[in-house]
Structure formats: structure tokens, C-alpha cells
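Working notes, structure below.
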Amino acid sequence: MATAPWFVIGPSTLVAFIGLMRGPDKTPPESAEDWRDATVDVVIPALNEEQNILLALSSIARQSLKPRKVVLVDDGSTDRTAEVARAFGEDLGLDLEVIRREESIGKTPTVKREARNLDADVEVVLDGDTFLESENYIERLVQEIYKAPGVASACGVVQPMREKDRRTISDEAPLKGFLEKHANYVTPRPGAWHRFNRAITNFYRGILYTFLQRFVYRGQMTVFGSIINPVGCAVAYRREYLRKLFDYYEPILGDDLTNSEDIFIGFALLNEGYRNVQLQDVTVRSLEPEFPRLAHQLYFWSSSFLQSCYYFDGLLRSPFKGFRRYRQKHEAKQYEEKHSDTRDHIHRRGEPYRQPWGQGYTKQYGRPMGWAVFMAALEKIAFPTALLIMLILQLWGPLLITFLAEMTLVILILMFNAPGHRFRAFWEAIAVTPLRYGSLLFDAVNIGRFATDLWITRNRRWRK
């Protein structure tokens, strides 16, 4: 989901502040492509999602832009995921293909195989435990992708799935009618202990997602026209870009990319000069893990970011190539002025963020978006390291000042992003602080594990 499973004030915050001061781009790019002509398929990787798959399928059926085809890949489930999905698809008349595997191979190989097997222009990847809250979710993503050839992926804002969200979509068509006719597919409400654990996670994630998506990602979009990686639970890709990406990296890495496919894909697309776009006007709800399992997911996200920085070091070193990139851009501008009728000049006028595509350009000149990657990596490593050093050396004064200053800025940012609910946001920001710093210390452990993989065990079997 994010470049960091915790949120602190650091270098990434500077980008967000710059974005807020600049405001949104007033000159949207033009494109010769018409999004209405695009063919769209949806791929749903699912593993033991009997209790959630109907929510995902029902939300697809309610979309303003209907996909041509829905492919559910049951990745070795031991429950009734495939059975429930088939029954609902037949009842609804949904063009649903169910692929049933006897053994799980993981999400990354699933996404790769369907990028090759399908022939749609746009491939929407939707997790089996996620539903599209906005009925125009797919339509908006396709519109955004077709604004310019450099847009490779698009996603909306993700929020935790609460029990009341589940009840709301279950009580509306088409799911309500299906459950009335098939009472055996009605899932029982989880027990009080499970609801309590999930409530803790939802509380933490709700605040985390607000900070990241309404502030950090919004700033990245304004400054760079891209975020580092798409939100993988509900993202639309240009399928051909995705297929070429896997065709290139499979001979090199096989299926062992990183511990989270969306982060690796996001980095790889940036490395080619493409963009990952997030829209602020459409929403998706995703089921969060219960609190005891939260650390497991945090490890996947955090380690995948570090692993992607390792693989795409040319992108990471972009700030150190700024002068070289400035000279190249200046020379290219002079060339365009002499050859103003060139096709590339038209593309540059049509898409404000247009850059030369290809890994070679990234290796030699870096990318502007590399600044966001570098600052996020610096923030991820430097902040927990500094805290640990202050703890070990018992520098209580500097530690207290750092803590109070950082917490104050977080509170102000969350209050700013909660108009009409600022008083509640104030107390929520304070209440979530123990969880924030607990995940921060856990992330320091992840950094140690990553360093061990690189220099001691030399383990590269990173895979989701």
C-alpha cells in the first residue's frame, strides 16, 4: 500500500507541503486516445475469500463502466471461494471465468499470467477481500489512464472495510437478492474478539491512510504527477505495459520479485518513465488484517520498499544526477525549438510530465520522481536509526524534543485533512501515537532483516 507502514514527519513531508502550496494542476493533458474505446478486464486473485468474494463481485456488477470479463483466480483455497463466486456469477449473468488451482502459487505469478493471457487494453486487479465503494471507480481509473500514454497505472483512495460497510453493500442490490435466495452463502458475523482486533487495526489504518493518501500522495501527485506505487488492492494497469514488464524481469528474477507486487511494479514503471496516478474522488474498501497479524503485513510492505530500492538503484540515486538531467533537458528544449513540428514535441505539449522513456535514461539521468523515492528511503532508514541511537545513548532531552515536534506536526496535518471533524482528529492523532511508534520500532527490525539478506545470507527469494 505505502512506502512506509508507519507515518512520521520527514523528508517526504516537504514534498507534500510543496504540493499543497502549489495546488492542483490546472492544465490537464490531452490525448488522442478515447477511453470509451478501451476494453477492460478485471482479475481477482483470491485465497480463502469465501466471506468476502461476494462483496467484490457485487461491487463490480454495480459499476458504471462494466468490464468485458471478470477472471477469478482461486489460488488453492480450502474454503468455498470458487463455489460461491460461480453461483453468484450465474445468478447475476456476469461474464465470470473461475480458474481453480490446487496449490497456491502467489499473487505475483497470478497477475503476471493474466497480463499475458488476456488481451484487454486495461487490466484491473482487485483483491478478493476488497470492494469498490464508488460506483464509477473503474470508469474514473480508465479515464485517467487514457489521459496520456505515460500513465501506466491508476488507483483510488483505499479505506479500511468496517462491519457497517459490509452490511451496507450486503443490504443493497444485487447482493441482497442473491443472499435471500441462497441463505447458505450468508456468512456469520465474526465474534466479539475478532471484531475488537479488527477495530484496532481499522483505527490505526484509517488514520495512516488519511495521512498518506490525503497528504503525502496528494503532494507527490501535484509535484511529480505520480505516486511511487499504486495501491495494489484495486488498481488499473495498461495491460501491455504490465505484460512487457514481466516479460523483461522474469528471465532475470523469475517470480521472486519482492514481498509485495504492487510496490515492485510501481518502481518498475517509474524506472521506464511512466506514471502511477492516484485519484482522490473515488474510494475502495479493503479488509484489514486483525491486530495480531498486522506485523506480518507491515513486514511485507516495508521489506518490499527496501527491496525495490535495491533493484532500482538508478531511480534511488536520481537526486545526485540532477545537474546532468538539467543539462539534458535544456539541450532537448533547444532541439525542440529548432524542430517544433516533431511528434515528440507534440507529446511534450500534450503531457506536462512527459520524459524520455526507457531504463537507459533513468540509469544515466535519473527521474524527477526519484526525489520522492530517495526522500522516502532516507526517512525510512534515518528516523528509526536516529531514535535508536538516542535511546542507546540515553539522550532523553533530544529524544523528547524530537517526539513532541514530530507528534505536533502530525496532529496539525491530520486536523487540516479533517474539515468538520478537527476536534476528533486531534484526539485520534494522540491515541494512535503508541501504535505509530510501535510500528516504527518494528520497522527498524525490518531494516536489520533486509541488511542481513543483502550482506550475510545473500537471500534474494523475495516473493509474494
Side-chain angles (χ1 to χ4, degrees), residues 1-2 5 42-63 70 72 77 79 81 84-85 88 107 124-138 141 155-176 178-179 185-214 217 230-236 260 262 278-298 300-301 428 432 435:
M1 152 70 192
V42 176
V43 176
I44 307 178
L47 176 61
N48 295 327
E49 296 294 352
E50 176 185 345
Q51 297 185 358
N52 305 302
I53 194 62
L54 291 180
L55 306 180
L57 293 173
S58 179
S59 70
I60 293 173
R62 295 164 46 132
Q63 289 295 295
V70 179
L72 169 68
S77 296
D79 63 5
T81 298
V84 171
F88 186 64
K107 183 179 178 181
V124 178
V125 179
L126 177 65
D127 284 357
D129 61 357
T130 303
F131 74 85
L132 310 176
E133 186 173 55
S134 301
E135 295 185 9
N136 64 335
Y137 190 90
I138 294 178
L141 265 53
C155 62
V157 172
V158 63
Q159 291 293 337
M161 185 196 301
R162 303 160 298 185
E163 281 300 311
K164 67 177 183 179
D165 301 316
R166 179 188 294 273
R167 290 195 299 270
T168 296
I169 192 172
S170 298
D171 291 341
E172 296 177 354
L175 187 52
K176 181 180 180 180
F178 175 78
L179 293 177
Y185 291 142
V186 177
T187 57
R189 190 183 183 196
W193 178 247
H194 294 285
R195 295 200 305 272
F196 172 74
N197 280 315
R198 188 153 285 142
I200 296 176
T201 303
N202 286 349
F203 172 70
Y204 167 65
R205 286 286 175 79
I207 299 174
L208 166 68
Y209 292 169
T210 297
F211 182 89
L212 286 173
Q213 298 174 109
R214 301 298 189 186
Y217 289 3
V231 181
C233 63
V235 53
S260 185
D262 53 339
Q278 184 179 51
L279 303 176
Q280 295 285 321
D281 59 343
V282 287
T283 309
V284 63
R285 294 276 176 183
S286 186
L287 188 68
E288 302 294 337
E290 294 184 14
F291 184 66
R293 295 182 56 244
L294 186 59
H296 184 67
Q297 191 181 67
L298 294 181
F300 278 132
W301 285 351
E428 286 179 343
V432 80
L435 288 173

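Using a 4.5 Å heavy-atom cutoff, the side chains of Val284 and Ser134 are not in contact. Using a 4.5 Å cut-off on side-chain heavy atoms (C-beta onward), Val231 and Asp262 make no contact. A heavy-atom distance below 4.5 Å is not found between the side chains of Val157 and Tyr209. Residues Ile200 and Leu435 meet the side-chain proximity criterion, which asks for heavy atoms closer than 4.5 Å. Side-chain contact between Leu294 and Arg205: present, with at least one pair of heavy atoms (C-beta onward) separated by less than 4.5 Å.
Checked against side-chain contact (heavy atoms from CB on, under 4.5 Å), Phe178 has the following partners two or more places apart in sequence or in another chain: Leu54, Ala87, Phe88, Asp91, Leu175, His182, Tyr185. Thr130 pairs by the side chain to side chain donor-acceptor pair (under 3.5 Å) definition with Ser286, not counting sequence neighbours. Annotation: side chain to side chain donor-acceptor pair (under 3.5 Å) contacts of Glu163 (sequence neighbours excluded): none. A search for side chain to side chain donor-acceptor pair (under 3.5 Å) contacts involving Thr210 returns nothing, not counting sequence neighbours. Residues meeting the side-chain contact (heavy atoms from CB on, under 4.5 Å) test with Glu133, sequence neighbours left out: Phe131, Asp165, Thr283, Arg285. In terms of the side chain to side chain donor-acceptor pair (under 3.5 Å) criterion, Asp171 has no residue partners (sequence neighbours excluded).
A side-chain contact (heavy atoms from CB on, under 4.5 Å) with Pro160 holds for exactly one of Thr201, Leu208, Leu287, Asn202; it is Asn202.
Heavy-atom contacts from other residues, nucleotides or ligands closer than 6.0 Å to CZ of Phe300 number more than 12.
The side chain to side chain donor-acceptor pair (under 3.5 Å) pairs that include a residue from residues 188-198 are His194-Glu290, where partners are two or more places apart or lie in different chains.
Within the 3.5 Å criterion, the main-chain N or O of Gly156 finds a donor-acceptor partner in the side chain of Tyr137.
Residue Ala234 comes nearest to Cys155 through the heavy atom pair O-CB, 3.7 Å, listed as atom of the first residue, atom of the second, then distance. The two residues Arg62 and Pro174 come nearest to each other via the heavy atoms CG-CD, 3.8 Å. Among all heavy-atom pairs drawn from Ser77 and Thr81, the shortest one is OG-OG1, 3.7 Å.
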Kindly list each side-chain donor-acceptor pair under 3.5 angstrom involving residues 42-52, sequence neighbours excluded, with atom names and distances?
from: Asn48; atom 1: OD1; to: Thr78; atom 2: N; distance (Å): 2.6
from: Asn48; atom 1: OD1; to: Thr78; atom 2: OG1; distance (Å): 3.3
from: Asn48; atom 1: OD1; to: Asp79; atom 2: N; distance (Å): 3.4
from: Glu49; atom 1: OE1; to: Asn52; atom 2: ND2; distance (Å): 2.7
from: Glu50; atom 1: OE1; to: Arg80; atom 2: N; distance (Å): 3.2
from: Glu50; atom 1: OE2; to: Arg80; atom 2: NE; distance (Å): 2.8
from: Glu50; atom 1: OE2; to: Arg80; atom 2: NH2; distance (Å): 2.8
from: Asn52; atom 1: OD1; to: Arg166; atom 2: NH1; distance (Å): 3.3
from: Asn52; atom 1: OD1; to: Arg166; atom 2: NH2; distance (Å): 2.7

